[in-house]
Amino acid sequence: MSDSVTAGPAEWINLPDVSAKLGVSISKVHQMIRDGQLLAVKRDNVRVVPADLVANSTVLKHLPGVLTLLRDAGYNDEEALRWLYEPDEALDGNAAKGLGGHRAREVKRRAQALGF
């Protein structure tokens, strides 16, 4: 992750830990990242995932759809991460937190509007 990202996740988990938390093979985690179901970035030369995107032993329900919308709008992984963690009190603090709660529909609506 570049230094230009000022807001971000409070906690990161590495891919082997994501694998254990989800109960899937590390190959499946890599496939999920390639398929846009999960977001991973390099930090200190290690690929990591924001911990709050993997909640209750599953990927947040609406995350894959939002990642697709962001990629369709031309966002790369770093930009998508920045967008998800941009402070926004209307979304319970930021879009990533909003996805995990009752603000998920609003997060999806905002991501969809980026494509226009």
Is there a salt bridge (charged side-chain N to carboxylate O under 4.0 Å, His left out) between Arg82 and Glu79? Walk through the geometry before answering.
CA-CA 5 Å; Arg82 188 175 296 115; Glu79 294 164 334; 5.3 Å; no

Value for OG (Ser19) from CG (Asn14), rounded to nearest 0.5 Å, stands at 10.0 Å

Non-hydrogen atoms of Ala40 and Ile33 that approach each other most closely:
CB-CD1, 3.6 Å

Measure the CD1-CZ distance between Ile13 and Arg47 for me, rounded to the nearest 0.5 Å.
13.5 Å

Are the side chain of Glu86 and the backbone of Trp83 linked by a donor-acceptor contact shorter than 3.5 Å?
no

Is the backbone N or O of Val46 less than 3.5 Å from a side-chain atom of Asp44, with the two atoms forming a donor-acceptor pair by type?
no

I need the Asp35 CG to Lys28 NZ distance, nearest 0.5 Å.
7.0 Å

Quick check: do Leu99 and Leu84 have side-chain heavy atoms less than 4.5 Å from each other?
yes

Quick check for you: to the nearest 0.5 Å, what is the distance between Arg110 atom CZ and Arg103 atom CZ?
9.0 Å

List the atom pairs, with distances to 0.1 Å, where a side-chain N or O of residues 60-71 and a protein N or O form a donor-acceptor pair under 3.5 Å, not counting sequence neighbours.
unit_1, atom_1, unit_2, atom_2, d
His62, ND1, Lys108, NZ, 3.3
Thr68, OG1, Pro64, O, 3.0
Arg71, NH2, Asp77, OD1, 2.8

Residue pair Val59 / Leu22: nearest heavy atoms and the distance that separates them:
N-CD2, 3.9 Å

Within the distance-only criterion (no hydrogens, no angle test), does the side chain of Asn94 pair as donor or acceptor with the backbone N or O of Ala96 below 3.5 angstrom?
yes

Side chains of Pro50 and Val41 in contact at under 4.5 Å (non-hydrogen atoms)
no

CD-NZ distance between Glu89 and Lys97, expressed to the nearest 0.5 angstrom:
8.0 Å

If we count only N and O atoms by modelled type, under 3.5 Å, do the side chains of Arg109 and Gln112 hold a donor and an acceptor together?
no

Smallest separation among heavy atoms of Gly98 and Asp92, with atom names:
CA-OD2, 4.4 Å

Lys21 and Ala51 have their tightest heavy-atom pair at NZ-O, 4.5 Å

Pairing residues for Ala73 by the side chain to side chain contact (heavy atoms under 4.5 Å, CB included) criterion, not counting sequence neighbours:
Tyr75, Leu114

Compare all side-chain heavy atoms of Asp52 with those of Glu11 and state whether any distance is below 4.5 angstrom.
no

I want to check something: taking the side chain as every heavy atom from C-beta on, are Val49 and Val29 in contact at a cut-off of under 4.5 Å?
no

